[in-house]
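Notes for the one structure printed next.
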There are 2 protein chains.
Amino acid sequence: MNRIKRKPTHPGKIIMEDYLKPLSITVTEMALSLGVSRKTLSKIINERGAITPDMALRLGRALDTTPDLWMNLQKNYDLWQAEHMSKDWQKVKPLSPEQLHANIQETANNPMNQSGL
Amino acid sequence: MNRIKRKPTHPGKIIMEDYLKPLSITVTEMALSLGVSRKTLSKIINERGAITPDMALRLGRALDTTPDLWMNLQKNYDLWQAEHMSKDWQKVKPLSPEQLHANIQETANNPMNQSGL
DNA sequence: TTACTTGTAACCTAATGGGTTACGCATGTC
DNA sequence: GACATGCGTAACCCATTAGGTTACAAGTAA
């Protein structure tokens with residue numbers, strides 16, 4: 001369940017450390033190559049912007065990776081942020097285990113169940 | 001590389017089909033339980049709203065799942081949408097394989113590399 | 001009929017992605 | 001020293017979107 005992991009690396013850091021630096025590509029060049037403004041890429045690299053699906057696709061093509069890689073990095077980052085920022089979600093009460101587990105079995109085998117799952 | 005998969009199921013459909021229906025929980029009840037407005041949940045269920053990180057955390061608690069489950073469903077959905085909507089990202093030219101592969105090795109072993117990776 | 005459930009429109013606020021232009025700073029080059 | 005590059009970022013604009021409240025019409029069940 002390891003919900004207590006360290007802060008995930010921001011996708012922008014990966015771009016910088018694993019690609020731009022090793023390949024000696026400037027932010028300006030990369031932005032041009034991706035077809036986005038320098039500002040957009042700069043924001044991401046400085047961890048002030050997020051990887052959008054569109055950007056994930058662009059990065060995937062440019063860097064020969066799956067778009068999912070970038071989506072996942074962003075997803076993990078966002079989730080960690082939300083988890084540690086607002087605590088409001090912790091007030092949510094789990095549905096009772098009886099409902100969640102017992103009933104699922106019941107309904108699944110119950111001929112009265114019309115839902116057609 | 002299977003980039004040609006079918007349209008992913010929207011998270012809202014999962015909520016409805018796998019939870020609300022089997023458990024006989026109404027949208028109104030669930031919204032209350034999650035601590036969000038009925039509108040917010042309704043939009044998601046009718047595939048007109050997205051799972052935000054905050055919502056993923058709420059669903060995780062309420063339904064005894066990982067938040068990642070919901071984040072992943074949304075991520076796959078978003079990526080598929082972006083992939084099939086705008087085609088602009090396809091114009092992005094991959095960095096040359098020489099840069100992407102050869103150079104990575106070079107720089108990694110090159111004493112001149114100052115980046116300290 | 002009456003009550004409950006639901007989708008959704010209308011309206012408002014706050015946040016966010018993306019673009020352009022421009023400025024100041026650091027670094028490298030001639 | 002003078003000039004060019006690269007970069008972060010501010011200022012400003014636009015479009016979209018999450019989320020909330022209120023309200024209405026329609027469907028369903030008691």
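In the text below, chain A, chain B and the rest are named by the order of the sequence lines, each starting its count at 1. As a basis for the values below, the full set of heavy atoms in this structure was taken, side chains included, without hydrogen atoms, waters or symmetry mates.
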*Decide yes or no for B:R58 and A:D88: does some side-chain heavy atom of the first lie under 4.5 Å from some side-chain heavy atom of the second?*
yes

Which pairs, protein N/O on one side and nucleotides 4-7 of chain D N/O on the other, fall under 3.5 Å?
| from | atom 1 | to | atom 2 | distance (Å) |
| --- | --- | --- | --- | --- |
| D:dC7 | OP1 | A:V27 | N | 2.9 |
| D:dC7 | OP2 | A:V27 | N | 3.1 |
| D:dC7 | OP2 | A:T28 | N | 2.8 |
| D:dC7 | OP2 | A:T28 | OG1 | 2.7 |

Rounding to a whole Å, what distance do you find between [X]:[atom1] and [N]:[atom2]?
X     : N      : atom1 : atom2 : answer
B:L34 : D:dG20 : CG    : P     : 11 Å
A:I51 : C:dT16 : CD1   : P     : 16 Å
A:K39 : C:dT21 : NZ    : C1'   : 11 Å
B:K21 : C:dT5  : NZ    : C1'   : 15 Å
B:I44 : C:dT6  : CD1   : P     : 15 Å
A:I45 : D:dT9  : CD1   : P     : 12 Å
B:L32 : D:dG20 : CG    : P     : 12 Å
A:K43 : C:dT20 : NZ    : P     : 14 Å

_Regarding A:K75 and A:D78, does a basic nitrogen lie under 4.0 Å from an acidic carboxylate oxygen?_
no

*Under a 4.0 Å N-O cut-off, is there an ion pair linking A:K13 with A:D18?*
no

Quick one: closest heavy-atom pair of [X] and [Y], and the distance?
X     : Y     : result
A:A31 : A:L41 : N-CD2, 3.5 Å
A:L79 : B:P53 : CD1-O, 4.1 Å
B:V92 : A:L34 : CG2-O, 3.4 Å
A:K87 : A:E83 : NZ-O, 3.9 Å

*At what distance, to the nearest 0.5 angstrom, does CE of A:M71 lie from CE of B:M71?*
9.0 Å

Of all the choices, [options], which nucleotide is nearest to the side chain of [X] once you look at every atom?
X     : options                : answer
B:A50 : C:dG19, D:dA18, D:dG20 : D:dA18
B:T40 : C:dT8, C:dG17, D:dG20  : D:dG20
B:R48 : D:dG19, D:dG20, C:dT8  : C:dT8

*Are A:M16 and A:Y19 linked, directly or through other ILVMFWY residues, by side chains that come within less than 4.5 angstrom of each other?*
yes

Enumerate the protein-to-nucleotides 24-29 of chain C contacts in which both atoms are nitrogen or oxygen and the separation is below 3.5 Å.
none

